[in-house]
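I have placed the structure first, in the form of structure tokens, so that the comments after it can refer back to it.
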Amino acid sequence: MIDKKQIKSWIEIHKQAFLADAMELIRIRSVSEKCEDEYPYGQGCAKVLDKALELSARKGFDTENHAYHCGSAMLRGRSEREIGIFTHLDVVHEGTDWQCDPYQPYIQDGWLFGRGSADNKAPAMSALYAMSFLREQGIVLEHTIRLYFGCDEERGMEDIAYYTSHYQAPDFSLVPDAAFPVCYAEKGIIEAELSTPLQGNICDFSAGIAPNSVPNNARIVLKSVTFEEASNFLAEKKDFRVQEKNGVIEISAAGRSAHAAFPEGSESAAVKLAQVLCEAPFIDGDAKACLRFIGEALADYHGEAMGIACADEVSGSLTMIGGMAFVKEGRLVQNINVRYPVSADQERLVNRIHACGKLYRWNVDWLHNNPPHCIDPQSMIVAALNTICCEVLQMEMEPYAMGGGTYARKLPNAVGYGPGIRGQAKPCPPGHGGGHQPDECVLIDNLIKAIEIYIRAIVELDRVLGKTGKKIRHERKGMVR
């Protein structure tokens, strides 16, 4: 048994070093982008991976760089069997409306601010420090513990596909990219891109910074419109701005961003802009036909207008957003992100998206379906992990399902496991503070308690997996197809 007081004392001694390491990673702008050189996801992701591996090696761990797709730090056990902890170091684009520089982290009132503070650099350091405790205390486990640092989680998870095609997945994995206690199921994800010819007096249209974020800004450029016409029409409408540039009119709208998995309470600037302009007298009929799909089909976050709304008891209601919009080769392009329940009829959802696009004369250019993930919520591992959370956090909590997509869905036996607290209010105005929002932040106390939880969870997983072996692995349900 590990002395719980000893854990708390060690964490308190190392707290400032932990925060310094987390902030060092946050300072590196690591937005994943497709590249063809030695750095498959760009120099920023390569730089942050180098730094994470350097920090890990400095703490005495064996490290591996998997061709800059991802990297690993390992606490060697008595066997080659592994328990995995899967984190990522890439971040979504910073976007606009920050109160500070997103890559100059700072601490205020117990909160750590900066892009990647919550999603997912500081949680990665919580896991690293949990491993450091075990190493420094000389605790030798049966399993080798592998801490995975991904570099493409936000853009498409090509990194984990690369890893699992070259290396065997761990016996069981924790993914510190969710909330406590235990996320045993993740909804399926449909990503699609639709387009229609740019028509009428629209010259340009753009919205959003990432496919999996509700856009908090949108803009349209119009010809054959005067500044007075646009200004008078929008004079009493909130969150709109009109500018005249080089003989054309630019109208921008502001909304409130949110992660695609949790869109409730947000406000799509693209939908707002499309809806208002469809009522404008200076928008001609062809232009309105372009905008109606955005303003009508994407108007609600549960797919009612698109005819795909559904729900189940395991994972709740379907959610849907329109992410980025842009003009490419004379076509207005809009991507959508759907998070659907684990029991949903996937073929029906795909068919309805195609039918809705056809109704509005938008073409589905591509569509990718990422099936849901679920393991048995009644398994002894889920129960053990849940108990640890409840004891450390001193809260009564139950395992849950969510709409977020993490590495867990790409691994045979994995659960989302902290370090967030569900329903915890952010010290920010609406639309700020979340993982894909401006002023992203995380409560430092969450990160500190996560270290203790991960220490105890690793030891317990090692015990349970070592005791029951194949019997545990076979009782899990794995992927739901």
Side-chain angles (χ1 to χ4, degrees), residues 4 7-26 52 85-89 91-92 102 105-133 147 149 153 174-184 258-259 261-262 385-400 402 404 406-408 415-428 432-458 460:
K4 297 174 185 177
I7 294 175
K8 293 181 185 297
S9 175
W10 184 93
I11 292 173
E12 184 61 30
I13 291 170
H14 291 82
K15 179 177 178 179
Q16 294 308 313
F18 161 76
L19 290 172
D21 286 345
M23 294 170 80
E24 194 165 357
L25 295 181
I26 294 168
I85 307 176
F86 282 75
T87 67
H88 68 90
L89 304 176
V91 297
V92 297
Y106 68 96
I107 294 171
Q108 181 174 302
D109 298 328
W111 292 77
L112 173 62
F113 287 78
R115 179 58 91 215
S117 58
D119 189 14
N120 186 233
K121 294 176 178 179
M125 290 299 96
S126 290
L128 182 63
Y129 271 72
M131 290 169 57
S132 293
F133 171 85
L147 175 56
F149 299 115
E153 197 271 353
L174 304 175
V175 183
D177 194 13
F180 285 128
V182 185
C183 177
Y184 64 86
H259 192 291
F262 318 103
L385 294 174
N386 196 76
T387 297
I388 292 169
C389 287
C390 293
E391 289 181 0
V392 175
L393 298 176
Q394 297 184 333
M395 300 170 64
E396 290 298 320
M397 310 174 80
E398 295 293 333
Y400 68 97
M402 72 168 182
T406 74
Y407 288 134
V415 294
Y417 199 52
I421 304 294
R422 301 174 77 201
Q424 188 175 65
K426 303 282 187 178
C428 306
H432 291 242
H436 289 196
Q437 296 176 332
D439 303 321
E440 178 182 344
C441 60
V442 61
L443 187 64
I444 293 171
D445 189 53
N446 290 358
L447 300 171
I448 297 303
K449 288 180 178 176
I451 298 174
E452 179 179 356
I453 290 171
Y454 295 148
I455 291 169
R456 294 179 56 183
I458 290 168
E460 181 65 10

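Note that the coordinates shown come from a computational prediction; the quantities given were computed from them, not determined experimentally.
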- Message: Has Tyr417 got a side-chain atom pairing as donor or acceptor with Ala457's backbone, closer than 3.5 angstrom?
- Response: no
- Query: Quick check: does any side chain N or O of Tyr454 sit under 3.5 Å from a backbone N or O of Leu174, one acting as donor and the other as acceptor?
  - Reply: no
Determine the minimum heavy-atom distance between [X] and [Y], stating which atoms define it.
X: Val442; Y: Ser117; result: CG1-O, 3.4 Å
X: Val92; Y: Gly435; result: CG2-O, 4.2 Å
X: Asn386; Y: Val182; result: N-CG2, 3.7 Å
X: Cys441; Y: Cys428; result: SG-SG, 4.0 Å
X: Phe262; Y: Gly404; result: CZ-N, 4.2 Å
X: Ala52; Y: Leu89; result: CB-CD1, 3.5 Å

- Gln394 atom CD, over 12 foreign heavy atoms within 6.0 Å: no
Could you list the residues that satisfy ring-ring contact (aromatic ring centres under 6.0 Å, His included) with [X], not counting sequence neighbours?
X: His432; result: none
X: Trp10; result: His14, Phe133
X: Phe149; result: none
X: Tyr129; result: Phe18

Side chains of [X] and [Y]: closer than 4.5 Å at any heavy-atom pair?
X: Leu443; Y: Ile421; answer: no
X: Ile458; Y: Ile85; answer: yes
X: Trp111; Y: Lys426; answer: yes
X: Met402; Y: Arg422; answer: no
X: Leu447; Y: Pro123; answer: yes

Sequence neighbours excluded, which residues qualify as side-chain hydrogen bond (donor to acceptor under 3.5 Å, both in side chains) partners of [X]?
X: Gln437; answer: none
X: Thr87; answer: none
X: Tyr407; answer: Asp159
X: Lys449; answer: Asp445

- Applying side chain to side chain contact (heavy atoms under 4.5 Å, CB included), name anything that partners Met397, two or more places apart in sequence or on another chain. Phe180, Pro181, Cys390, Leu393, Met395
- Query: Taking only residues two or more places apart in sequence or in another chain, which ones pass side chain to side chain contact (heavy atoms under 4.5 Å, CB included) with Glu460?
  - Reply: Ala384, Ile388, Arg463, Val464
What's the spacing between [X] [atom1] and [Y] [atom2] if we round to 0.5 Å?
X: Arg456; Y: Leu385; atom1: CZ; atom2: CG; result: 11.0 Å
X: Glu396; Y: Cys389; atom1: CD; atom2: SG; result: 12.0 Å
X: Gln16; Y: Leu19; atom1: CD; atom2: CG; result: 5.5 Å
X: Ile26; Y: Tyr106; atom1: CD1; atom2: OH; result: 11.5 Å
X: Thr406; Y: Asn120; atom1: OG1; atom2: CG; result: 9.5 Å
X: Leu147; Y: Ser126; atom1: CG; atom2: OG; result: 10.5 Å

- Which residue pairs pass the salt bridge (charged side-chain N to carboxylate O under 4.0 Å, His left out) test when at least one of the two sits in residues 105-129, sequence neighbours left out? Arg115-Glu440
- Note on the structure: Contacts satisfying salt bridge (charged side-chain N to carboxylate O under 4.0 Å, His left out) that involve residues 13-26 (not counting sequence neighbours) are Asp21-Lys59, Glu24-Lys51
